[in-house]
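One structure is given here, and the rest of the page talks about it.
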Amino acid sequence: VQRLGRDFRMVGLMALQEADGDADDINRDVPGQAWSDSVRSDFEYANTYDVVFTADIDNDGRTETVRYTRNAAASTIQQTVWEWSRDSLGWAPPVTKTVATKVDYLMFGFVDRNEDRIPPSGYVVGAGYTLNAGERSQITAMEIIVVTKSDRQENENPQYVYLPDGTYFYDGYRREVHRFWVRGRNLSLGV
């Protein structure tokens, strides 16, 4: 949860050498992805359950495009990172790693500079909502909800967990709901 918060605070932070007007600057997004539109953006893709953004998340002087999504089959959160190469003027192949285990649920909410929800109607039950380019450009903060699950059932203590999109859990597992807001420090504030 702390890693997600730290990384999302960095959205929009470009490595200085990749935004200085030289020929080796980033000039496009990662090719070959369903969300690619040939234009680099702070948020390349934003959905209720899946987010792709650009930032120098590890402060190594290289800009990364980062995707966070939940792998439902393995109950994990996956982080996929593409790093910009000034030498090849392209994105390096993706590196995917598991950053959390025993995760039953991962959900994102978005707000603009007036703290109005994007989309205005809030959560969409089921498949979620995918923001368009205009909506993504207005994001200034994100709500992140992560639900973790115990290793074994505790049948004597069923627990009811209800989430904003209508998802609920009621079984013998113990769950913890981590719900927090992260404000982007490097975003355009919707201007």
Side-chain angles (χ1 to χ4, degrees), residues 1-11 29-37 41-60 62-84 91-110 118-119 122-131 136 139 141-182 184:
V1 170
Q2 291 174 350
R3 175 187 210 124
L4 287 170
R6 183 196 71 216
D7 287 357
F8 289 132
R9 271 194 276 295
M10 304 306 283
V11 173
D29 61 5
V30 177
Q33 302 299 312
W35 39 264
S36 296
D37 62 1
S41 304
D42 291 342
F43 283 94
E44 297 288 356
Y45 179 81
N47 176 282
T48 310
Y49 308 107
D50 188 0
V51 172
V52 180
F53 59 89
T54 305
D56 181 9
I57 61 167
D58 51 8
N59 200 26
D60 66 351
R62 294 188 180 273
T63 302
E64 294 90 20
T65 292
V66 182
R67 180 181 187 189
Y68 276 104
T69 190
R70 180 174 168 268
N71 178 335
S75 296
T76 60
I77 295 178
Q78 301 289 104
Q79 177 199 58
T80 302
V81 177
W82 296 263
E83 188 171 80
W84 179 255
W91 294 95
V95 175
T96 300
K97 62 183 172 181
T98 298
V99 295
T101 59
K102 298 180 182 66
V103 176
D104 264 0
Y105 185 84
L106 173 65
M107 184 173 169
F108 304 104
F110 309 94
I118 307 169
Y123 297 104
V124 178
V125 177
Y129 179 83
T130 300
L131 280 64
R136 291 193 314 267
I139 297 172
M142 293 177 53
E143 177 184 33
I144 303 169
I145 302 173
V146 176
V147 178
T148 56
K149 178 173 101 169
S150 64
D151 286 335
R152 58 192 155 143
Q153 287 187 317
E154 300 170 8
N155 290 325
E156 67 276 5
N157 294 316
Q159 182 182 24
Y160 186 74
V161 176
Y162 183 79
L163 299 160
D165 68 346
T167 300
Y168 68 91
F169 300 99
Y170 184 69
D171 56 20
Y173 288 95
R174 185 170 180 275
R175 287 182 175 78
E176 291 202 22
V177 178
H178 307 272
R179 186 174 188 171
F180 59 101
W181 285 93
V182 179

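Computed from a prediction, not measured in an experiment: that's the story for all the values here.
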Margin query: To the closest 0.5 Å, what do you measure between OG1 (T65) and CZ (F43)?
Written below: 12.5 Å
Notebook entry, point to check: OH of Y68 to CZ of F108: how many Å apart, nearest 0.5 Å?
Noted result: 9.0 Å
Next item on the list: Could you go through the side chain to side chain contact (heavy atoms under 4.5 Å, CB included) check for I139 and L131 one step at a time?
Entry: CA-CA 10 Å; I139 297 172; L131 280 64; 3.8 Å; yes
Next item on the list: Determine, stepwise, if the pair D165 / M107 fulfils side chain to side chain contact (heavy atoms under 4.5 Å, CB included).
Entry: CA-CA 9 Å; D165 68 346; M107 184 173 169; 3.8 Å; yes
Next item on the list: Find out whether W35 and T130 are in side-chain contact, i.e. whether some heavy atom of one side chain is under 4.5 Å from a heavy atom of the other.
Entry: no
Next item on the list: Provide the closest heavy-atom pair for V182 versus G5 in the form atom of the first, atom of the second, distance.
Entry: CG1-O, 3.6 Å
Next item on the list: Could you walk me through whether Q79 and D7 pass side chain to side chain contact (heavy atoms under 4.5 Å, CB included), step by step?
Entry: CA-CA 11 Å; Q79 177 199 58; D7 287 357; 3.4 Å; yes
Item checked: Nearest non-hydrogen partners of S150 and Y173, listed with the distance -> O-CD2, 3.5 Å
Note to self: Could you tell me if the side chain of D60 sits less than 4.5 Å from the side chain of E83, heavy atoms only?
What the structure shows: yes
Next item on the list: Mind checking the CD-CH2 spacing from E44 to W82? Nearest 0.5 Å is all I need.
Entry: 9.5 Å
Margin query: Measuring only between side-chain heavy atoms, which start at C-beta, is P164 closer than 4.5 Å to R179?
Written below: yes
Note to self: For Y105 versus R70, what's the shortest heavy-atom pair and its separation?
What the structure shows: N-NE, 3.5 Å
Checklist line | Heavy-atom check, side chain of Y45 versus side chain of T69, under 4.5 Å | finding: no
Checklist line | Step-by-step side-chain hydrogen bond (donor to acceptor under 3.5 Å, both in side chains) determination, T54 to E64 | finding: CA-CA 6 Å; T54 305; E64 294 90 20; over 6 Å; no
Margin query: Whether the side chain of T76 engages the backbone of Q78 through a donor-acceptor N/O pair (distance < 3.5 Å, no angle test) should be reported.
Written below: no
Margin query: With a sphere of 6.0 Å drawn around OH of Y168, does it hold more than 12 non-hydrogen atoms of other residues, nucleotides or ligands?
Written below: no
Check: Between M142 and V11, is any pair of side-chain heavy atoms under 4.5 Å apart?
Finding: no
Next item on the list: Working to the nearest 0.5 Å, report the span between CD1 of I57 and CZ of R9.
Entry: 13.0 Å
Next item on the list: Considering non-hydrogen atoms only, spot the tightest contact between V51 and F110 and give its length.
Entry: CG2-CZ, 3.9 Å
Next item on the list: Using atom types as modelled and distance alone, determine if a side-chain donor or acceptor of D29 lies under 3.5 Å from a backbone N or O of S41.
Entry: no
Checklist line | Whether over 12 other heavy atoms sit under 6.0 Å from R174 CZ | finding: no
Item checked: Shortest non-hydrogen separation from V103 to A100 and the atoms involved -> CG2-CB, 3.7 Å
Next item on the list: Mind jotting down which residue pairs meet the salt bridge (charged side-chain N to carboxylate O under 4.0 Å, His left out) criterion with at least one end in residues 95-109? Sequence neighbours excluded, please.
Entry: K102-D151, D104-R175
Next item on the list: Identify the two heavy atoms, one from P94 and one from T80, that lie closest to each other, and give their separation to 0.1 Å.
Entry: CB-CG2, 3.6 Å
Next item on the list: Kindly compute the distance separating OG1 (T63) from CE (M10), expressed to the nearest 0.5 Å.
Entry: 10.5 Å
Next item on the list: Using a 4.5 Å cut-off on heavy atoms from C-beta on, say whether the side chain of L4 contacts that of I77.
Entry: yes
Note to self: Using 0.5 Å steps for rounding, measure from the CG atom of L106 to the CD1 atom of I144.
What the structure shows: 8.0 Å
